[in-house]
Amino acid sequence: EAQVTQNPRYLITVTGKKLTVTCSQNMNHEYMSWYRQDPGLGLRQIYYSMNVEVTDKGDVPEGYKVSRKEKRNFPLILESPSPNQTSLYFCASSLSGTYSNQPQHFGDGTRLSIL
Amino acid sequence: GDSVTQMEGPVTLSEEAFLTINCTYTATGYPSLFWYVQYPGEGLQLLLKATKADDKGSNKGFEATYRKETTSFHLEKGSVQVSDSAVYFCALSDQEGSQGNLIFGKGTKLSVKP
């Protein structure tokens, strides 16, 4: 089954403790992206990747890192999490970032709470 | 920059009522337009899309027409069901913009009562 898989689905942690949210897709998609969803703000893009070893900042990259060493994986890293990063996070992928008519496929989300 | 504005919710309807969720956009190029739906506890799923002016996207009884003259992409359904309760997001991807990144509206929550 074609899917985007995020782990963990839920995490409660404390300020400053490094964490990684994994994202994996099995559709051989070139483009991958991370969003955060906050009430009243909709979805905002954190980082995106056009292909392996190619990443770029989205609208709200501060406090986050990403890597794209393999095509299928796109982990989101919070080196020193802070309470303002408490949010619902979504990973997404699409066949190509070059053609704008390609829909994105989303994971089920990761709810992070930073105390 | 590019942006999407959609009507604020929540929207509450009775089963079999007619649904319209308004969406307008601002873009410098010729964007592709999308509606995504998010059911409770799940990620976003593509509902429908339109890639050029006057295209009509349709799926599961929902439809939206790409109107370049009014820069709109309103979502409609003739008869909603309880199972349509979800959050709906309008989004655009600018063909001349940054590598097909999506720009989302803030979402409209729809609740359908039996």
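All values below come from the heavy atoms of this structure, side chains included, with hydrogens, waters and symmetry mates left out. Computed from a predicted model, the values in this text were never measured in an experiment. Chain A is the first sequence line, chain B the second, and so forth, proteins listed ahead of strands; every chain is numbered from 1.
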Taking it one step at a time, do A:D59 and B:I103 satisfy side chain to side chain contact (heavy atoms under 4.5 Å, CB included)?
-> CA-CA 10 Å; A:D59 297 319; B:I103 297 169; 5.8 Å; no

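Using a 4.5 Å cut-off between heavy atoms, A:Q37 contacts chain B through its side chain alone, with no backbone atom that close. Within the 4.5 angstrom heavy-atom criterion, no atom of A:R111 approaches chain B. For B:Q38, the part lying under 4.5 angstrom from a heavy atom of chain A is the side chain only.
Tracing side-chain contacts under 4.5 Å through hydrophobic residues (I, L, V, M, F, W, Y), one never reaches A:F106 starting from A:L112; they form parts of separate clusters. Taken together through direct or relayed side-chain contacts under 4.5 Å among Ile, Leu, Val, Met, Phe, Trp and Tyr, A:V4 and B:L44 form parts of separate hydrophobic clusters. No chain of hydrophobic side-chain contacts below 4.5 Å, direct or via other Ile, Leu, Val, Met, Phe, Trp or Tyr residues, connects A:Y47 to A:L88. A:Y64 and A:Y35 fall into different hydrophobic clusters, defined by Ile, Leu, Val, Met, Phe, Trp and Tyr side-chain heavy atoms under 4.5 Å apart, directly or through other members. At a threshold of 4.5 Å between side-chain heavy atoms, the hydrophobic network of Ile, Leu, Val, Met, Phe, Trp and Tyr places A:I46 and A:F90 in two separate groups.
The shortest side-chain heavy-atom distance between B:L102 and A:Q104 falls under the 4.5 Å cut-off.
Side-chain atoms of B:Y36 do not come within 3.5 Å of backbone N or O of A:P103 as any donor-acceptor pair.
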